[in-house]
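What follows is a single structure, written as structure tokens, with notes after it.
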Amino acid sequence: MGEGRFAARRHPDTRLLRAFVTVAEDLHFTRAAARLYVAQQALSRDIRRLERELGVELFARTTRQVSLTADGERLVPYARRVLDAQDELLAACVPGAGRPALVDLNSPGLLGARILARARELAPECELMARYESGLTGAAAGLLAGSLDASFGRFAGLPAAVRARLAQQPVRYERMAVVLPGDHPLAHLPEVPLGALAGERVYAGAGNPGTREWTELAQRLFEGRGIVLAPPAPLAVGVDEFRRVMAKSRTPVLAVLDFPAMPGTVLRPLVDPVPLSPLSLVWRRGARHPGIDALRAAAAALAAEEGWLRPPPGAWLPDEDRRVMTAGA
């Protein structure tokens, strides 16, 4: 990509550059399209348009894989700098205190709601708006695009290239649990040993592109224990749908101990060992907003008050997650 090679070309749309960087990070058009919330065909069109405007081929495509060309490799750091500059410009032009901070809490009733409530107490002058739409994989696209200010989830479950553009603050080692139909053979136990789930099909969000970090954690937990990851299923939204799907499928669901009570089910902590789900507060690196500051202060205060960052002895946690949580702390 020689000096001045792009001089005669039109300046590319930053939307096209964002599409390029996302594909470059994933090297997979389907996953990149899911992160950007666009159709795969539309993403492919955008990449072809950018290639035409720049006059170079950015990706080598085969039926089996996608890889960056030499020109594509050279463009990546420049494109990232342009996008980072655009994000900083937008943040500077819109005073943080003058707009709401949008926080994705994943689902009602989980730990993020407590942190949000404390943050509102700490910064009553700041408008903090909650939404309940996605896991951290899905929320990461909004964080990077600037359409979302903060989210919660398992930071180690994101691709390294995505983590490099985000910041995180460890919040809690959450105990994992299982949701069972009320009449399940294991429902009478106060705690469910992991070995007792051998042979069971347990649902952990397989097929949901927004919660891949949770499904991957479940796969690690189930490996070698005879527990089968339940196949993809339509996402049940709301109490009534969850109850209906649970009654029909009778499939146990992997959850955390703070998962809200659902009619017709019981929630039981998992033991032998005690599996942990590492939860972090996540925002875009370099983003500034008083709402983010309030969330960070609230999370730190609650973690200190209730010992959220002290994992129990002998607990199960992947080494990578332990390293990420320790580094973030």
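In this chain, numbering begins with 1 at the start of the sequence shown. Remember, it's a predicted structure, so these values are computed and weren't measured experimentally.
Every side-chain hydrogen bond (donor to acceptor under 3.5 Å, both in side chains) that T30 has, sequence neighbours left out, goes to Q40. Residues meeting the salt bridge (charged side-chain N to carboxylate O under 4.0 Å, His left out) test with R61, sequence neighbours left out: E51. Listed by chain and number, the residues in a side-chain hydrogen bond (donor to acceptor under 3.5 Å, both in side chains) with T137 are E213 (sequence neighbours excluded).
Here the side chains of V103 and F152 are in contact, with some heavy-atom distance below 4.5 Å. The shortest side-chain heavy-atom distance between E53 and L16 falls under the 4.5 Å cut-off. Considering only heavy atoms from C-beta on, M176 comes within 4.5 Å of L254 through its side chain. In this structure, the side chains of P170 and L309 come closer than 4.5 Å at one or more pairs of heavy atoms. Side chains of D258 and R114 form no contact here, defined as non-hydrogen atoms less than 4.5 Å apart. V256 has its side chain out of reach of L279: every pair of non-hydrogen atoms, C-beta onward, lies at least 4.5 Å apart. Side-chain atoms of P318 and L217, non-hydrogen and from C-beta on, do get closer than 4.5 Å to each other. Contact check for F155 versus L166: side-chain heavy atoms found under the 4.5 Å cut-off.
Distance check: L54 CG to L75 CG gives 6.5 Å after rounding to the nearest 0.5 Å. Between the CG atom of L43 and the CD1 atom of I47 there is a distance of 5.5 Å, given to the nearest 0.5 Å. Of the inter-residue distances, the one linking D104 atom CG with L143 atom CG reads 8.5 Å to the nearest 0.5 angstrom. Atoms CG and CZ, from L83 and R18 in turn, are 4.5 Å apart once rounded to the nearest 0.5 Å. Rounding to the nearest 0.5 Å gives a distance of 12.5 Å between CZ of R31 and OG1 of T22. Atom-to-atom distance recorded for W283:CH2 and L144:CG is 14.0 Å, nearest 0.5 angstrom.
Contact detail for Y78 and R74: the closest heavy-atom pair is CD1-O, 3.0 Å. Closest approach of P269 to L257, counting heavy atoms only: CB-CD1, 3.8 Å. Of all non-hydrogen atoms in L194 and R225, the two that sit nearest each other are CD1-NE, 3.8 Å. The minimum heavy-atom distance between A198 and I227, with the atom names listed, is N-CG1, 4.2 Å. The heavy-atom pair separating Q169 from A300 by the smallest distance is NE2-N, 3.6 Å. In terms of heavy atoms, L317 sits closest to L276 at CD1-O, 3.6 Å.
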Side chain to side chain contact (heavy atoms under 4.5 Å, CB included) for V192 and L180? Distances and angles first, verdict last. CA-CA 10 Å; V192 174; L180 299 166; 4.3 Å; yes

Can R49 and R52 be said to form a side chain to side chain contact (heavy atoms under 4.5 Å, CB included), step by step? CA-CA 5 Å; R49 176 182 163 190; R52 287 196 303 270; 3.7 Å; yes

So D46 and F20, side chain to side chain contact (heavy atoms under 4.5 Å, CB included) or not? Walk me through it. CA-CA 8 Å; D46 283 346; F20 162 70; over 6 Å; no

Decide side chain to side chain contact (heavy atoms under 4.5 Å, CB included) for L105 and L110; before the verdict, give the C-alpha distance in whole Å, the side-chain angles of both, and the deciding distance to 0.1 Å. CA-CA 7 Å; L105 302 181; L110 297 182; over 6 Å; no

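Remark: R81 CZ is packed, more than 12 non-hydrogen atoms of other residues, nucleotides or ligands lying under 6.0 Å away.
A donor-acceptor pair under 3.5 Å links the side-chain atoms of T69 to the main chain of E57, judged by distance alone. Using a distance-only test at 3.5 Å, with no hydrogens or angles considered, a donor-acceptor pair links the side chain of T215 to the main chain of A204. No donor-acceptor pair under 3.5 Å is formed between the side chain of R175 and the backbone N or O of V274. No donor-acceptor distance shorter than 3.5 angstrom exists from the side chain of E174 to the backbone of L111, with no hydrogens or angles considered. Proximity of a side-chain donor or acceptor of D13 to a complementary backbone N or O of R15 within less than 3.5 Å is detected. Side-chain atoms of S280 never come within 3.5 Å of backbone atoms of V282 as a donor-acceptor pair (strictly under, hydrogens ignored).
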Identify every side-chain donor-acceptor pair in residues 115-124 under 3.5 Å, counting partners at least two apart or on other chains, and give the distances.
unit_1: R118; atom_1: NH1; unit_2: E305; atom_2: OE2; d: 3.2
unit_1: R118; atom_1: NH2; unit_2: E305; atom_2: OE1; d: 3.2
unit_1: R120; atom_1: NE; unit_2: L128; atom_2: O; d: 3.3
unit_1: R120; atom_1: NH2; unit_2: L128; atom_2: O; d: 2.7

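When the side chains of ILVMFWY residues are joined at heavy-atom separations under 4.5 Å, either directly or via intervening members, L281 and W214 end up in two distinct hydrophobic clusters. Cluster annotation: W308 is not connected to W316 through the hydrophobic network of ILVMFWY side chains, with a link wherever side-chain heavy atoms come within less than 4.5 Å. At a threshold of 4.5 Å between side-chain heavy atoms, the hydrophobic network of Ile, Leu, Val, Met, Phe, Trp and Tyr places L295 and Y132 in one connected group. Hydrophobic clustering (ILVMFWY, side-chain heavy atoms < 4.5 Å, transitive): V171 and V324 are in distinct clusters. The same ILVMFWY cluster, assembled from side-chain heavy atoms under 4.5 Å apart, contains both L50 and V66.
Under the 4.0 Å criterion applied to side-chain N and carboxylate O atoms, R296 and D293 are not assigned as salt-bridge partners.
Applying the salt bridge (Lys or Arg N to Asp or Glu O under 4.0 Å) definition to pairs two or more places apart or across chains, none involves residues 188-206. Within the structure, salt bridge (Lys or Arg N to Asp or Glu O under 4.0 Å) contacts touching residues 143-167 (residues at least two apart or in different chains) are E25-R165, D84-R165, R99-D149, R154-E216, R154-D321, R163-E320.
Between F29 and F59, the ring-plane angle classifies as perpendicular under the 30° and 60° cut-offs.
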